[in-house]
Amino acid sequence: MWASNNFKNLNRYAFLYEAVVKELTGPDPNMLFDLYPIHPEVKKIAYEHFKHKKYVTAVFEATKKLNEFIQHKTGIRNKSEAELVQATMKQQIGNPKNLVIQFNEFLSEDSGKNEQKGLALITEGIFSAFRNPKGHKPEDHPLVDITPYEALAQLIIIDYTWKRIENAKINVRGSKHA
């Protein structure tokens, strides 16, 4: 009897172990989406699409929301995504007072300029690599057919960029940038 009960317990532990290993090697993307602290605005726009396995649409809508957020923060509404990034984050790196979105206070140093330029390039890359193909190709096209894990990675990059812009210094003056 004792051996039989121990064998049953060992079987339970073995099943539990297998479940844990499976979850660690291939975690449920919905669980990851729910648990990762993605910015509430990004999560809200992507949630229904992601949950219904419309990963391309989830990312596409998040990129459009990021563009809208940058327009709202800066007051600039008459530029395409790449032009918007150029005008707000990149063109005036050497002259911080004229830079609209300033990610750090160290633009007199190479490291500060490099971070500013890098975050601008990441933001530009989001629009070029995530938004543009998804806006011009059908969802089943190999260029935009992404896995849930790829969608999560892209949403996390959008989340990081959103949070950096949200915490950046915004230098908006009059209608010069509008």
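These numbers were taken from a predicted model, which means no experiment stands behind them.
Between the side chain of Gln116 and the backbone N or O of Met89 there is at least one donor-acceptor pair closer than 3.5 Å. At least one donor-acceptor pair closer than 3.5 Å links the side chain of Asn104 to the backbone N or O of Gly112. At least one donor-acceptor pair closer than 3.5 Å links the side chain of Lys43 to the backbone N or O of Phe33. Distance alone, capped at 3.5 Å, places no donor-acceptor pair between the Asn171 side chain and the Lys97 backbone. With His52 contributing its side chain and Lys54 its backbone, the two residues share no donor-acceptor pair below 3.5 Å. Checked by atom type and distance alone, the side chain of Lys90 never pairs as donor or acceptor with a backbone atom of Glu83 at under 3.5 Å.
Ring pair Tyr55/Phe50 is perpendicular by interplanar angle, where above 60° counts as perpendicular and below 30° as parallel.
At most 12 heavy atoms of other shown residues, nucleotides or ligands fall within 6.0 angstrom of atom NZ in Lys117. Atom CZ of Phe106 sits in a sparse spot, with 12 or fewer heavy atoms from other residues, nucleotides or ligands closer than 6.0 Å. Within a 6.0 Å sphere centred on NZ of Lys163, heavy atoms belonging to other residues, nucleotides or ligands number more than 12. Heavy-atom contacts from other residues, nucleotides or ligands closer than 6.0 Å to CG of Asn167 number more than 12.
A salt bridge does not link Lys51 to Glu48: none of the charged nitrogens lies less than 4.0 Å from a carboxylate oxygen.
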Legend entry - Audit row: Leu32, Tyr36, side chain to side chain contact (heavy atoms under 4.5 Å, CB included) steps and yes/no: CA-CA 6 Å; Leu32 294 174; Tyr36 193 86; 5.8 Å; no
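Put simply, the side chain of Glu115 reaches to within 4.5 Å of the side chain of Arg164, judged on heavy atoms.
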